[in-house]
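Structure first, then comments.
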Amino acid sequence: MAELMRGLEGVIAAETKISSIIDSQLTYAGYDIDDLTENAQFEEIIFLLWNYRLPTAQELSELKEKLFEYMTLNPRMYSHFEEYTTDKVHPMTALRTSVSYLAHFDENADDNDEEALQERAIRIQAKIASLVASFARVREGKEPVKPDPSLSYAANFLYMLRGEKPSDVEVEGFNKALILHADHELNASAFTARCAVSSLSDMYSGVTAAVASLKGPLHGGANERVMRMLTEIGSVDNVEDYLQKAFANKDKIMGFGHRVYKNGDPRAKYLKEMSQRITNETGQSELFDVSVKIAEIMKEEKGLLPNVDFYSATVYHSMGIEHDLFTPIFAVSRTSGWTAHILEQLRDNRIMRPRATYIGDVNRKYVPIEER
Ligand SMILES: CC(C)(COP(=O)(O)OP(=O)(O)OC[C@H]1O[C@@H](n2cnc3c(N)ncnc32)[C@H](O)[C@@H]1OP(=O)(O)O)[C@@H](O)C(=O)NCCC(=O)NCCS
């Protein structure tokens with residue numbers, strides 16, 4: 001049997017045209033992430049990931065129209081949220097349940113034809129923004145906010161979350177953050193989504209499984225924990241002490257390290273710039289200074305560089321977003337990648353079924369319970 005690769009490191013498990021990481025350069029369908037982050041709207045990225053090409057003006061306006069239409073949720077979803085609120089569930093737990101619940105309101109949920117899947121991808125992409133934003137409001141006893149057709153996807157998310165139109169600067173920053181988180185080759189959650197649908201299960205199952213995978217602190221759950229760490233550290237003077245204790249305990253420092261990038265995550269530089277600007281504008285530059293100090297020590301002592309989750313934490317915090325919504329926001333963006341992977345998997349499917357090396361006991365005989 002083939003050699004065991006722990007954590008599937010280096011194993012090629014799929015062919016893809018969605019995104020690539022080559023020599024530390026990230027591209028979506030062949031476009032450099034820098035080019036897209038500087039110039040594109042998140043809606044164009046959604047189309048690009050699903051179709052491997054940028055949309056025409058007509059296609060983009062049709063997509064935007066559909067995204068807006070599908071953003072409205074079945075009212076039963078809100079009453080469901082009230083139950084979750086009683087149980088004080090984390091928004092990622094709520095999201096995992098509610099993405100699965102979306103399937104209850106789609107009578108064609110099991111139709112896996114390409115056209116039906118493309119429509120369902122738009123539907124899920126639209127609804128996931130409303131799920132995260134309205135859950136955040138319902139848990140605070142506020143009314144959900146209906147989307148506004150004149151707003152972009154990024155602006156609508158912030159509007160549905162806060163009930164106030166965001167500024168142009170906020171929309172620009174949030175749009176960039178959505179683009180940077182949209183896809184990342186065969187990361188744990190995208191692989192999970194592909195595994196789930198490789199049995200010919202439905203798209204809701206794939207996205208629910210992906211949300212479940214993203215939730216973990218080694219993946220998307222890291223950004224919330226970065227903010228927890230920054231709050232705990234409090235000031236630049238405490239950084240050295242905090243890190244030395246963490247190193248002594250062999251604790252992982254959230255927001256650092258990566259399975260694929262060893263010379264830095266190309267997404268981090270934008271988020272660092274954004275973090276510097278927005279923490280400064282909102283009078284919270286100490287948070288940025290603490291972050292930079294952590295990054296310096298991590299590089300010096302561990303040779304590790306910040307990943308996408310490190311500076312995104314201070315960006316979202318400075319936008320007034322609650323810390324437990326950071327990972328759900330990651331999910332809102334990454335849904336574009338997950339649905340792209342599900343579409344791609346089902347275009348040329350073969351069930352995922354690797355092998356395991358058995359290392360347990362052998363040749364055992366059943367012992368009746370009274371003799372054990
Ligand atoms: C991203 C991550 C899961 C990659 O994991 P991986 O490829 O399996 O890498 P490993 O965990 O084997 O790390 C290799 C070495 O670097 C160390 N390391 C990796 N990330 C570290 C971190 N964030 N803090 C401290 N040490 C770290 C490991 O302890 C290990 O050291 P060792 O060889 O002495 O045991 C890992 O770097 C991590 O846990 N980072 C923190 C969580 C995070 O930010 N996740 C978001 C990813 S975008």
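One-based numbering, in listed order, for ligands and for the atoms of each.
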If we ignore hydrogens and angles and just use 3.5 Å, is the side chain of [X] paired with the main-chain N or O of [Y] as donor and acceptor?
X      : Y     : value
Thr27  : Ser19 : no
Arg259 : Gly7  : yes
Glu82  : Ser79 : no

Quick one: do the Gln125 and Tyr153 side chains pair a donor with an acceptor below 3.5 Å?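 Side chains of Gln125 and Tyr153: pair found under 3.5 Å.
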
Are a donor atom and an acceptor atom from the side chains of Asn74 and His104 found within less than 3.5 Å of each other? no

With respect to atom 39 (O) of ligand 1, which of Arg225, Lys252, Lys302 exhibits the smallest heavy-atom separation?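 Ranked by closest heavy atom to atom 39 (O) of ligand 1, first place is Lys252.
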
Tell me the nearest of Gly257, Gly221, Pro306, Pro217 to atom 42 (C) of ligand 1, using heavy-atom distances.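 The option holding the nearest heavy atom is Pro217.
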
With a cut-off of 4.0 Å, which atoms of ligand 1 are near a heavy atom of [X]?
X      : value
His258 : 1 (C), 37 (O), 48 (S)
Phe256 : 20 (N), 22 (C), 23 (N), 37 (O), 38 (C), 40 (N), 41 (C), 44 (O)
Gly255 : 43 (C), 44 (O)
His219 : 45 (N), 46 (C)
Ala222 : 43 (C), 44 (O), 45 (N), 46 (C)

Test of proximity, Ile253 against ligand 1: N or O pairs below 3.5 Å: yes

Looking at Tyr366, I'd like to know if the NZ or CZ of Arg372 sits under 6.0 Å from its six-membered ring centre while staying within 45 degrees of the ring's axis.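 Verdict for Tyr366: a cation-pi partner in Arg372.
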
Taking the six-membered ring of Tyr70 as reference, does the cationic atom of Lys127 (NZ for Lys, CZ for Arg) lie under 6.0 Å from its centre and within 45° of its axis?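 Relative to the ring axis of Tyr70, which defines the angle, Lys127 lies outside at least one limit.
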
[atom]: any protein heavy atom closer than 4.0 Å:
atom                    : result
atom 26 (N) of ligand 1 : yes
atom 47 (C) of ligand 1 : yes
atom 32 (P) of ligand 1 : no
atom 16 (O) of ligand 1 : no

In sequence, state the C-alpha distance, the side-chain angles, and the governing distance for Tyr84 and Phe81, and then conclude on ring pair (Phe, Tyr, Trp, His ring centres under 6.0 Å). CA-CA 5 Å; Tyr84 307 170; Phe81 282 162; 5.6 Å; yes

At what distance is the nearest protein heavy atom to atom 4 (C) of ligand 1, and which residue and atom is it?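 Going atom by atom, the protein heavy atom closest to atom 4 (C) of ligand 1 ends up being Arg259 N, 3.8 Å.
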
Protein residue, atom and distance nearest to atom 19 (C) of ligand 1, heavy-atom basis: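 That would be Leu304 CD1, 3.9 Å.
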
Check Asp265 against ligand 1 and report side chain, backbone, both or neither, counting heavy atoms closer than 4.0 Å. neither

Of the backbone atoms (N, CA, C, O) and the side-chain heavy atoms from C-beta on, which set of Leu218 has a member under 4.0 Å from an atom of ligand 1: side chain, backbone, both, or neither?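 Both backbone and side chain.
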
Roughly how far, to the nearest 0.5 Å, is the CG atom of Leu325 from the CE atom of Met92? 11.0 Å

